[in-house]
Amino acid sequence: LCQVSRLNLLRLAPGGHLGRFIIWTEGAFKQLDSVYGTQTTESEQKKGYKLPRAKMSNSDLTSIINSDEIQSVLRPKQTRTEFRAFKKNPLKNFGFMVKLNPYAMPARRAELLRSGPGAKRPALDAEARA
């Protein structure tokens, strides 16, 4: 049960979800106009309160956008987009690393030769000599 003069949005629509079943009395409907006013008159109980006006008289936005009046003044759709190269990470992309640092390829080759199969390890050589 809720009085018209003390309406609470959280009780009428808890959580902001509209759709609660509400039964209004005839007296409550008559009192709504004096509490909130109408589109043409101000509220009698709330000082200076006017009902908010709708921003659009026709709320069918798709029909408005697709109308001939709107479509005739729109500029044509741009189909060509500007090509932008992706930034590549030189630590993950070896080809890009070579572009930035030409010495990267001989350095990698030398590292592979040092650590490849059949390469002697310096620690084992020292033990073999001792």
Side-chain angles (χ1 to χ4, degrees):
L1 200 58
C2 192
Q3 290 187 6
V4 175
S5 59
R6 294 182 291 194
L7 285 178
N8 184 351
L9 182 64
L10 293 177
R11 292 192 67 189
L12 289 177
H17 301 289
L18 299 175
R20 179 171 273 196
F21 182 66
I22 301 172
I23 300 174
W24 297 85
T25 62
E26 186 178 344
F29 262 115
K30 289 179 182 174
Q31 194 177 359
L32 278 174
D33 288 341
S34 69
V35 172
Y36 295 103
T38 62
Q39 292 291 336
T40 56
T41 62
E42 287 187 4
S43 169
E44 296 171 6
Q45 296 180 11
K46 295 182 173 200
K47 187 175 180 179
Y49 180 81
K50 288 185 177 181
L51 277 177
R53 293 185 62 184
K55 300 291 181 197
M56 297 176 62
S57 58
N58 182 6
S59 61
D60 189 10
L61 191 61
T62 55
S63 68
I64 293 172
I65 290 174
N66 293 327
S67 68
D68 293 333
E69 293 86 7
I70 301 295
Q71 291 296 319
S72 64
V73 295
L74 290 178
R75 60 184 165 84
K77 181 181 176 185
Q78 294 179 348
T79 55
R80 202 178 93 202
T81 59
E82 184 180 324
F83 175 74
R84 292 178 58 192
F86 288 105
K87 182 186 179 302
K88 295 178 181 170
N89 186 352
L91 298 175
K92 293 182 179 179
N93 187 332
F94 186 69
F96 193 66
M97 172 68 101
V98 170
K99 261 187 177 178
L100 293 176
N101 178 11
Y103 182 70
M105 190 171 289
R108 174 77 59 93
R109 187 174 293 126
E111 180 184 335
L112 289 174
L113 289 174
R114 267 187 272 130
S115 65
K120 294 185 178 178
R121 294 187 192 113
L124 291 178
D125 289 341
E127 288 177 13
R129 289 186 204 149

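As the structure is a computational prediction, the values presented were derived from the model and not from experiment. The analysis underlying the following values was restricted to heavy atoms, covering all of them including side chains, and did not include hydrogens, waters or symmetry mates.
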Let me check something: do F29 and L51 share a hydrophobic cluster, defined by ILVMFWY side-chain heavy atoms less than 4.5 Å apart, either directly or through other members? yes
Here the salt bridge (charged side-chain N to carboxylate O under 4.0 Å, His left out) pairs for residues 46-59, sequence neighbours left out, are none
Give every donor-acceptor pair under 3.5 Å between a side-chain atom in residues 32-41 and any protein atom, sequence neighbours left out.
{"residue": "S34", "atom": "OG", "partner": "Q31", "partner atom": "O", "Å": "2.9"}
{"residue": "T38", "atom": "OG1", "partner": "T40", "partner atom": "N", "Å": "3.4"}
{"residue": "T38", "atom": "OG1", "partner": "T40", "partner atom": "OG1", "Å": "3.4"}
{"residue": "T38", "atom": "OG1", "partner": "T41", "partner atom": "N", "Å": "3.2"}
{"residue": "T38", "atom": "OG1", "partner": "T41", "partner atom": "OG1", "Å": "2.8"}

Residues 74-96 side chain polar contacts: donor-acceptor under 3.5 Å, at least two apart:
{"residue": "N89", "atom": "OD1", "partner": "L91", "partner atom": "N", "Å": "3.1"}
{"residue": "N93", "atom": "OD1", "partner": "G95", "partner atom": "N", "Å": "3.2"}
{"residue": "N93", "atom": "OD1", "partner": "F96", "partner atom": "N", "Å": "3.3"}

Which atom pair, heavy atoms only, marks the closest approach of Q45 to S5? OE1-CB, 4.4 Å
For K30, the salt bridge (charged side-chain N to carboxylate O under 4.0 Å, His left out) test, sequence neighbours excluded, returns E26
Qualifying residues under side chain to side chain contact (heavy atoms under 4.5 Å, CB included), relative to A107, sequence neighbours excluded: Y103
With sequence neighbours excluded, what pairs up with S57 under the side chain to side chain contact (heavy atoms under 4.5 Å, CB included) test? none
Here the pair of heavy atoms bringing W24 nearest to I22 is NE1-CG2, 3.4 Å
M56 versus S59, closest heavy-atom pair with distance: CE-CA, 4.3 Å
Grab the two heavy atoms, one from G48 and one from E42, that are nearest each other, plus how far apart they are. CA-OE1, 3.9 Å
Applying side-chain hydrogen bond (donor to acceptor under 3.5 Å, both in side chains), can you list everything that pairs with S72, at least two apart in sequence or on another chain? none
Considering all heavy atoms of both residues, which atom of Q71 and which atom of I65 are nearest to each other, and what is their separation? NE2-O, 2.7 Å
My understanding is that only residues two or more places apart in sequence, or in another chain, count here; which of them pass side-chain hydrogen bond (donor to acceptor under 3.5 Å, both in side chains) with Q3? R6
For N8, the side-chain hydrogen bond (donor to acceptor under 3.5 Å, both in side chains) test, sequence neighbours excluded, returns none
